[in-house]
Amino acid sequence: MGVSGKVALVTGASQGIGRATADAFARAGARVVYAARRADAVAQAAEAAAAGGAETLGVACDVTDPTAVDALFAAILDRFGRLDVVFNNAGAAMPATETGDVSWEDWRRLVSVNLDGAFLVARGAFRMMRAQAPKGGRIVNNGSISAHAPRIGSIAYTASKHAITGLTKTISLDGRQHDIACGQIDIGNAASDMTAAMTKGVPQADGSMKVEPVMDVAHVADAVLHMASLPLEANVQFMTVMATKMPFVGRG
């Protein structure tokens, strides 16, 4: 079916995986809502895509703020009247820290973005997709390799990404009667600001530091675009896209 003419929302769309995916949607003919926390960065991203001929909307949104998320969906409804696809991508990370040394403030900050924010965006999308005519749509949650296998010193990030899997499965069940499909993409070592350290050396389970392979974010964008391009009668429930030689199978 493709995504041409569909309304697609991407969170965390001002940089990295989010920016690459939002741009890929725009090139494929979708009407794209770029959402991110920093107003200047998200406006620049949306305007750049619009300069290439795409129909875009840039919205500054802190996904941890329920009022801001509600305002995001109100803006989408006002501009486009419906929503077909969401890439629930906004996320945060922190340096490797042993469990006993993780502060409550760092735990709450990371879980607030990665889990609370993902829930608020999914809830808003679900409400909109359930109410529109014709009803339905697709939500793609950004999981992680860490939704399956943790890295050393990653308790907050890993817990949040394991929780995304539960979020995805429950949305899939609740969405059936409303023609809302939900899937999860688990990404490993896509080259971005968040993974820059991997090219210099990151902690391994055996205590060593090793450089890890990375892949171009364009491959992630292509994978999300494929998931979004399916008709609603079909769904990619879980997809793993990763740098081929990174430690995952057999990690640790």
Side-chain angles (χ1 to χ4, degrees), residues 10-19 35-38 41 60-69 87-123 140-171 184-215 217 220 238 240-243 246-252:
V10 179
T11 63
S14 63
Q15 62 183 350
I17 289 169
R19 174 72 180 270
R37 185 174 53 84
R38 289 177 44 222
C61 179
D62 178 353
V63 297
T64 69
D65 179 353
T67 301
V69 174
F87 181 35
N88 204 357
N89 166 72
M94 61 180 286
T97 307
E98 196 170 70
T99 297
D101 299 322
V102 175
S103 70
W104 173 246
E105 291 75 20
D106 281 341
W107 169 272
R108 280 308 314 153
R109 175 187 61 82
L110 198 146
V111 173
S112 182
V113 176
N114 289 2
L115 181 56
D116 297 347
F119 160 71
L120 289 171
V121 171
R123 182 183 68 172
V140 178
N141 292 322
N142 186 345
S144 171
I145 295 292
S146 292
H148 304 273
R151 287 185 178 277
I152 190 170
S154 68
I155 190 167
Y157 186 82
T158 297
S160 71
K161 292 303 184 178
H162 272 63
I164 291 296
T165 300
L167 194 79
T168 298
K169 290 178 178 180
T170 306
I171 295 168
Q184 179 173 315
I185 184 164
D186 295 320
I187 302 162
N189 290 19
S192 68
D193 291 343
M194 190 177 287
T195 59
M198 292 175 183
T199 61
K200 301 173 183 177
V202 289
Q204 305 295 308
D206 63 1
S208 64
M209 294 284 289
K210 291 183 181 178
V211 171
E212 292 188 9
V214 297
M215 63 178 174
V217 293
V220 179
F238 294 99
T240 300
V241 57
M242 54 182 273
M246 70 168 284
F248 172 42
V249 178
R251 181 188 283 186

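By convention here, the first residue in the shown sequence is residue 1.
Partners of Ile185 under the side-chain contact (heavy atoms from CB on, under 4.5 Å) rule, at least two apart in sequence or in another chain, are Phe87, Val140, Ile187, Val220, Ala223, Val224, Met227, Met239, Val241. Residues passing the side-chain hydrogen bond (donor to acceptor under 3.5 Å, both in side chains) test with Thr168, sequence neighbours excluded: Asn141, Gln184. Ser208 is linked by a side-chain contact (heavy atoms from CB on, under 4.5 Å) to Gln204, Asp206, Lys210, counting only residues two or more places apart in sequence or in another chain. With sequence neighbours excluded, the residues forming a side-chain contact (heavy atoms from CB on, under 4.5 Å) with Ala243 are Asn189, Pro213, Met215, Met246, listed by chain and number. Residues satisfying the side-chain contact (heavy atoms from CB on, under 4.5 Å) test with Thr170, not counting sequence neighbours, are Asp174. Asp116 is linked by a salt bridge (Lys or Arg N to Asp or Glu O under 4.0 Å) to Arg108, counting only residues two or more places apart in sequence or in another chain.
Pairing each heavy atom of Val111 with each of Ala156, the nearest pair is CG2-O, 4.3 Å. Closest approach of Asn88 to Gly117, counting heavy atoms only: OD1-O, 4.4 Å. Residues Val113 and Ala92 come closest through the heavy atom pair CG1-N, 3.9 Å. In terms of heavy atoms, Asp186 sits closest to Gly143 at OD1-CA, 3.3 Å. Between Ala149 and Phe248 the shortest heavy-atom distance is CB-CE1, 4.1 Å. Annotation for Thr158 and Ser146: closest pair CG2-O, 3.5 Å, computed over non-hydrogen atoms.
Within the 4.5 Å cutoff, no side-chain heavy atoms of Ser14 are placed close to those of Arg19. Two residues are said to be in side-chain contact when any heavy atoms from C-beta on lie closer than 4.5 Å; Thr240 and Ile145 meet this criterion.
Side-chain N or O atoms of Lys161 include none that pairs as donor or acceptor with a backbone N or O of His148 at under 3.5 Å. The backbone N or O of Pro95 lies less than 3.5 Å from a partner atom in the side chain of Thr97, making a donor-acceptor pair. Counting only distance, with no hydrogens or angles, the side chain of Thr11 and the backbone of Asn89 share a donor-acceptor pair below 3.5 Å.
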Q.
side-chain contact (heavy atoms from CB on, under 4.5 Å) for Met94 and Trp107? Distances and angles first, verdict last.
A. CA-CA 9 Å; Met94 61 180 286; Trp107 169 272; over 6 Å; no
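A distance of 11.5 Å separates CD1 in Ile155 from CG in Leu110, rounded to the nearest 0.5 Å. In this structure, the separation between CG on Leu120 and OG on Ser112 is 8.0 Å, given to the nearest 0.5 Å. Note that CG of Asp62 and CZ of Arg38 are 13.5 Å apart. Values are rounded to the nearest 0.5 Å.
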